[in-house]
Peer 1: 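This is the structure I want to talk about, given as structure tokens.
Both backbone and side-chain heavy atoms feed into the values below; hydrogens, waters and symmetry mates do not. Each chain gets a letter, A, B and so on, in the order the sequences are listed, and its residues count up from 1.
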Amino acid sequence: MSKEIFVIIEHRRGTIRDVSYELLTKANDFANNIGGSTAAVILGNELDEMVQHLKSSAHKIIALKNEKLGDFHSEYYQEALKSIIEERSPLLVMLGHTSASYDLAPALAVAMGLPLISGCSDLRLEGNKVITLNQVYGGKINAEYSFETEKGGIITLLPGSVPAKPGGLSAEVEEVNVSFEREFEDKVFIQFVESAAGEIDITQAEKIIAIGRGIKEEDNIAMIEEFAQSIGAVVACSRPIVDAGWLPKDRQVGSSGKTVKPKVYIALGISGDFQHLMGMRNADTIIAVNKDPNAPIFGAADYGIVDDLFKVVPAIKDKLAQL
Amino acid sequence: MNSVVCIKRVPETAEATLKIDPANRKLEVDNLVFGINEADNYALEQALLLEEEFGGEVIVVSVGPPETDEIIRMALAKGAGRAIRISPENLSELDPYSIAKLIAHELEDEEYDLIFTGCQASDDGFSQVGVALAELLGIQHLSMAVKMETEEESATVNRELEGGLMAQYKLNFPAVITIQTGLNEPRYASILGIKRAGSKEIRVVEPGSWNEKMVELNKLSFPPPGKMAEIFQGSPAETAEKVCEVLKTKGLL
Amino acid sequence: MSAGDLEKHDVLSCIQCGRCTAGCPVSIRTTFNIRGTINLNLRERKKWIQPQDIWSCTTCHTCASRCPKGVGIVDYIMGLRSYQVERGKIDPAARDALESILKHGNPWGRVREKRSDWIGENKVRILQEGESTEVLLFVGCTPAYDPKAQKSAQALSRILAIAGVDFAIMGNSETCCGNEVKRMGELGLFEMLVEDNTNLFSKYKFNKLVTISPHCYNTFKNEYPNLGDKVIHYTQFLVELSEKGKLKLSNDNEAKAIFHDPCFLGKQNLIYEEPRTLLKAVLKEELLEFDRNRERSQCCEGGGGRMWIEVDSDKPRTAEERVRDAHYYGAEILATSCPFCLLTLSDAVKTAGLEDKLQVKDICSIISPGEGEKDGQT
């Protein structure tokens with residue numbers, strides 16, 4: 001078995017996604033610990049520019065080229081990856097725990113007969129076992145999973161698990177022209193669709209008050225809007241609020257919504273699963289109010305109040321009125 | 001149009017106090033309430049909507065203990081025609097791959113146009129079974145569907161990407177689609193409906209001990225305290241005052 | 001539903017006089033017109049008409065109280081709703097409330113293990129199976145979980161302790177009474193709750209079942225088997241205590257107060273005097289009255305599932321009209337004795353911008369002996 005770690009690079013519209021640099025950072029650390037090396041595997045049509053960006057972040061770059069790989073399509077990606085993985089037998093294949101890997105990783109693992117652990121936040125090698133750390137039950141419990149590395153294996157890493165840092169490496173670049181023996185006409189990528197833009201751009205806001213399930217009823221949002229207005233903040237939310245149709249999609253903070261970086265982020269009644277934390281962890285100051293002292297949001301916040309938001313918000317409004 | 005919907009029974013853990021069993025392998029479930037996994041509920045609704053529009057049958061499949069019948073009956077009350085419950089002996093040790101394998105095995109003799117699953121389970125958060133199932137069955141798949149326009153033999157589906165972007169695909173049937181929350185508005189299962197659904201078939205499959213897994217659960221633990229927020233103590237008036245101080249110090253008022 | 005349902009609720013005797021719609025609190029602000037719905041269904045019996053706007057109904061009972069022919073209008077609306085519940089296509093918020101009751105025993109989506117967290121520092125006995133108590137206090141879901149309504153539970157338990165009453169609660173075993181469940185047309189779940197609660201009550205020995213909410217009172221009193229005589233609303237019980245001299249009330253509260261009759265206490269159960277007796281005993285000044293009081297009391301729109309179901313309207317909620325009226329009459333305290341009224345009216349005080357002028361309080365929070373005068377948090 002080789003000691004090479006494959007990192008599958010994710011890109012969209014010609015830009016490498018941040019999660020790939022995080023993955024490379026993690027993979028380089030992991031490879032260092034076991035005396036192995038990393039290979040950034042990038043699939044696409046026009047790759048030269050992106051390959052340049054990757055050069056210092058891996059020991060090797062494998063660029064798999066075909067015009068069918070231009071936009072992400074899990075079936076073509078799977079075909080291309082399958083042959084290179086079969087050929088090189090890397091110790092481990094790493095992907096981001098992202099929308100792309102939801103579509104790709106489980107099918108790739110089945111097709112290759114490889115074990116897959118998705119959504120881990122850390123990993124290590126013990127003997128011939130890869131051991132991962134996963135957050136389960138909404139981040140309230142940690143789980144340790146493992147598989148034997150005889151045949152290799154696949155893991156997907158939660159975005160935001162490590163800060164990306166420069167690799168200081170100089171990768172050799174290997175270009176492979178991929179050919180496909182079959183076409184996947186039963187599944188055709190048509191286009192990217194932007195969700196409708198609203199009046200408020202939360203990504204530009206300096207102050208955000210974000211609400212989650214704890215708001216309980218649509219009616220209660222008026223009270224939050226009023227509070228937000230009084231301090232010049234905008235109201236954002238976690239996913240369930242958008243699912244319920246109480247706020248438009250462009251107010252959603254998190255991996256499937258917007259990433260925000262305000263000066264202050266006040267999270268009200270948000271438990272803070274990792275998808276949400278992904279969207280707001282870079283706020284300068286985070287204040288969280290939640291009834292559950294074990295809510296993961298308190299792990300991301302600078303200041304916390306373990307109480308009912310319906311008690312705390314009126315009290316804050318009162319205090320503000322006195323100032 | 002015949003659809004299969006895979007549903008999972010999961011504990012509601014958001015507000016509950018969680019306890020881990022002495023062997024550090026399982027959650028203690030005595031104080032927990034279970035229900036259908038949230039995304040699976042949307043998947044079920046999508047299948048029911050298609051059945052209303054195109055006719056056909058909705059078949060519910062779940063891998064779980066006998067208690068899973070609670071959520072299966074709800075699905076039957078909402079309009080699913082029949083159900084298959086797969087209950088292997090070593091249920092709690094199974095990984096997503098072996099669960100997908102169990103389901104694939106049971107679906108060999110079924111006729112379906114679509115298989116729906118939720119895009120993610122709220123307990124382990126793996127997001128694997130639906131897509132693995134498609135590969136095992138040799139059909140195509142799309143995960144994270146947030147919009148779906150269906151015709152007799154194909155659908156145009158928007159998948160959710162990061163940052164509010166969607167990717168649109170055309171997908172021919174048969175296919176597996178994993179459904180993200182918010183795609184539709186799940187209906188309610190009334191108690192009388194659940195009672196009436198008692199006459200619908202739940203076929204129970206007991207494959208004994210199922211040894212297909214590739215991933216082991218080593219242990220569960222509570223996250224270490226790590227970096228924690230500074231928690232303001234006191235009455236709402238006192239904590240509110242501290243919030244205002246923070247805002248003031250940072251020049252945000 | 002069939003023509004049989006029309007007979008069951010005496011709908012066939014409807015003379016289309018329109019007194020029902022004329023008195024209906026929501027017909028003013030929504031498209032809901034109960035006379036029209038009845039008319040359509042009488043004319044088109046084969047094609048049953050189930051308009052969505054029946055969900056605007058608060059089940060306040062004004063229509064049925066005023067109907068000259070005794071049509072069971074509210075029961076008929078519950079029947080219409082039950083058909084929509086059976087089809088499963090109901091308002092998502094109503095769906096969530098009902099599912100929460102099935103799972104957690106309360107409509108608020110909160111876990112059972114926190115049901116008695118409201119007790120806090122208070123000393124309240126939690127009854128164990130087989131134990132007995134003179135008074136079983138049925139807290140109810142809203143006073144158990146809602147921070148505003150919790151104050152009523154806390155205040156009442158302090159009063160009972162001061163009066164030396166032997167009382168206890170069922171702690172986390174207590175489960176939703178089902179009054180709103182029935183009114184949302186989820187009759188199967190209601191039956192299930194009646195059965196479960198009847199079973200639960202049989203595990204304890206008690207002589208009186210005191211409720212905080214008139215909604216719990218209503219269903220226990222009128223719709224549960226074998227409970228009737230034991231059930232008593234807390235306002236009735238406190239009057240009893242005061243008449244026996246166990247509760248000393250002194251009229252030193254200087255605030256000007258007005259009383260809002262909750263529909264499920266007043267027009268549905270004819271309890272008008274006891275809340276007033278209590279208020280008069282503690283107020284220095286004369287108790288103010290709305291023009292629309294007692295059997296004409298205006299519904300706050302909190303009943304019949306409307307705590308969860310929002311209606312389309314560009315007109316203000318009736319609760320907002322109510323608090324403006326209270327202010328107009330010169331009241332500083334709007335007193336009521338129902339957790340739903342407490343919440344809807346408190347919200348209305350904010351939307352009406354009367355926060356500095358009017359406080360909404362449950363009667364037990366006004367007479368609570370240990371309570372400070374100006375806690376400012378209604």
Peer 1: With chain A as the partner, which of Met214(B), Gln120(B), Glu238(B), Glu185(B) has the greatest number of non-hydrogen pairs under 4.5 Å?
Peer 2: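 Highest number of heavy-atom pairs under 4.5 Å: Met214(B).
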Peer 1: Side chain, backbone, both or neither: which part of Leu18(B) has an atom under 4.5 Å from a heavy atom of chain A?
Peer 2: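 Interface part for Leu18(B): side chain.
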Peer 1: Could you tell me whether the side chains of Gln128(B) and Ser118(A) share a donor-acceptor contact shorter than 3.5 Å?
Peer 2: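 There is such a pair between these side chains.
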Peer 1: Indicate yes or no: at least one non-hydrogen side-chain atom of Ile231(B) is less than 4.5 angstrom from one of Ile305(A).
Peer 2: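 Not in contact.
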Peer 1: Given a strict heavy-atom distance threshold of 4.5 Å, which part of Tyr42(B) is in contact with chain A: side chain, backbone, both, or neither?
Peer 2: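 The answer is the side chain of Tyr42(B).
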Peer 1: Please look at Pro11(B) and chain A and tell me whether the side chain, the backbone, both or neither of the residue comes under 4.5 angstrom of a heavy atom of that chain.
Peer 2: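 Pro11(B) touches chain A through side-chain heavy atoms alone.
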Peer 1: Using heavy-atom distances under 4.5 Å, tell me whether Leu142(B) contacts chain A through its side chain, its backbone, both, or neither.
Peer 2: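 Both parts, backbone and side chain.
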Peer 1: For Ala14(B), does its backbone N or O pair with a side-chain atom of Lys140(A) as donor and acceptor, under 3.5 Å?
Peer 2: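 Indeed, once roles are kept as given, a pair shorter than 3.5 Å links the two residues.
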Peer 1: For Ile20(B), is it the side chain, the backbone, both or neither that has a heavy atom under 4.5 Å from a heavy atom of chain A?
Peer 2: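 The answer is the side chain of Ile20(B).
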Peer 1: Is any side-chain heavy atom of Val131(B) closer than 4.5 Å to a side-chain heavy atom of Tyr102(A)?
Peer 2: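 In short, these two side chains do not touch, never coming nearer than 4.5 Å.
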Peer 1: Is the shortest side-chain heavy-atom distance between Glu10(A) and Glu162(B) below 4.5 Å?
Peer 2: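 Yes, side chains in contact.
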Peer 1: Please tell me if the side chains of Lys129(A) and Glu216(B) come closer than 4.5 Å, counting only heavy atoms from C-beta onward.
Peer 2: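 Heavy-atom side-chain distance check fails, nothing below 4.5 Å.
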Peer 1: Can you tell me which of Phe232(B), Phe222(B), Phe173(B) forms the most heavy-atom pairs within a distance under 4.5 Å of chain A?
Peer 2: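 Heavy-atom pair counts peak at Phe232(B).
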Peer 1: Counting heavy-atom pairs under 4.5 Å to chain A, which of Ala175(B), Gly125(B), Ala134(B), Cys244(B) comes out on top?
Peer 2: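 Going by pairs under 4.5 Å, I would pick Cys244(B).
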Peer 1: Using 0.5 Å steps for rounding, measure from the CD1 atom of Ile139(B) to the CG atom of Asp186(A).
Peer 2: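 These two atoms lie 10.5 Å from each other.
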Peer 1: Select, from Thr17(B), Leu252(B), Val243(B), the one with the greatest count of heavy-atom pairs under 4.5 Å involving chain A.
Peer 2: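 Maximum pair count with chain A is reached by Leu252(B).
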Peer 1: Check step by step if side-chain hydrogen bond (donor to acceptor under 3.5 Å, both in side chains) holds for Asn142(A) and Ser221(B).
Peer 2: CA-CA 5 Å; Asn142(A) 281 349; Ser221(B) 60; 4.6 Å; no
Peer 1: Return the OG1 to CG distance between Thr13(B) and Asn294(A), rounded to the nearest 0.5 Å.
Peer 2: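 The OG1 atom of Thr13(B) sits 11.5 Å away from the CG atom of Asn294(A).
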Peer 1: Need one label for Thr156(B): side chain, backbone, both or neither, based on atoms under 4.5 Å from any heavy atom in chain A.
Peer 2: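 Thr156(B) touches chain A through side-chain heavy atoms alone.
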Peer 1: What part of Asn158(B) is in contact with chain A, defined as an atom under 4.5 angstrom from a non-hydrogen atom: side chain, backbone, both or neither?
Peer 2: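 Only the side chain of Asn158(B) comes within 4.5 Å of chain A.
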Peer 1: Looking at side-chain heavy atoms only, is the closest gap between Leu27(B) and Ile141(A) below 4.5 Å?
Peer 2: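 Heavy-atom side-chain distance check passes, below 4.5 Å.
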Peer 1: Donor-acceptor pair, Arg239(A) side chain versus Thr181(B) backbone, under 3.5 Å?
Peer 2: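 A pair under 3.5 Å: yes.
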Peer 1: Passes ring-ring contact (aromatic ring centres under 6.0 Å, His included), Tyr145(A) versus Phe126(B)? Steps please.
Peer 2: CA-CA 12 Å; Tyr145(A) 294 101; Phe126(B) 277 137; 5.1 Å; yes
Peer 1: What part of Thr239(B) gets within 4.5 angstrom of chain A, counting heavy atoms only: side chain, backbone, both, or neither?
Peer 2: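 The answer is both parts of Thr239(B).
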Peer 1: Enter the distance from Glu185(A):CD to Asn172(B):CG here, rounded to the nearest 0.5 Å.
Peer 2: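 One gets 9.0 Å once the value is rounded to the nearest 0.5 Å.
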Peer 1: In Å, rounded to the nearest 0.5 Å, how long is the span from CD1 of Ile287(A) to CG of Leu247(B)?
Peer 2: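 So the CD1 of Ile287(A) and the CG of Leu247(B) are separated by 5.0 Å.
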Peer 1: Given heavy-atom pairs under 4.5 angstrom as the criterion, report whether the side chain, backbone, both or neither of Lys147(B) touches chain A.
Peer 2: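 Contact with chain A is absent: no heavy atom of Lys147(B) under 4.5 Å.
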Peer 1: Side-chain contact test, heavy atoms from C-beta onward, threshold under 4.5 Å: evaluate it for Pro240(A) versus Glu38(B) and give yes or no.
Peer 2: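 Not touching, per the 4.5 Å side-chain cut-off.
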Peer 1: Looking at side-chain heavy atoms only, is the closest gap between Arg12(A) and Leu165(B) below 4.5 Å?
Peer 2: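 A side-chain contact under 4.5 Å exists here.
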Peer 1: Could you check which of Gln180(B), Lys250(B), Glu15(B) has the highest count of heavy-atom pairs closer than 4.5 Å to chain A?
Peer 2: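 The option with the most such pairs is Gln180(B).
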Peer 1: Would you please say whether a donor-acceptor pair under 3.5 Å links the side chains of Glu241(B) and Gln322(A)?
Peer 2: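 No, no side-chain donor-acceptor pair sits under 3.5 Å.
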Peer 1: Looking at Leu136(B), Leu253(B), Val246(B), which makes the most heavy-atom pairs under 4.5 Å with chain A?
Peer 2: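 Between Leu136(B), Leu253(B), Val246(B), the count favours Val246(B).
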Peer 1: Could you tell me which residues satisfy salt bridge (charged side-chain N to carboxylate O under 4.0 Å, His left out) with Asp103(A), sequence neighbours excluded, listed by chain and number?
Peer 2: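 Partners of Asp103(A) by the salt bridge (charged side-chain N to carboxylate O under 4.0 Å, His left out) criterion, ordered by chain and then number, come out as Lys187(A), Arg159(B).
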Peer 1: Within the 4.5 Å heavy-atom criterion, are Val188(A) and Tyr169(B) side-chain neighbours or not?
Peer 2: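 No, their side chains stay 4.5 Å or more apart.
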Peer 1: Between Ser99(A) (side chain only) and Glu160(B) (backbone N and O only), is there a donor and an acceptor less than 3.5 Å apart?
Peer 2: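 Present.
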Peer 1: Name the region of Val10(B), side chain, backbone, both or neither, that has any atom closer than 4.5 Å to a heavy atom of chain A.
Peer 2: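 For Val10(B), there is no contact with chain A at all, as no heavy atom is under 4.5 Å.
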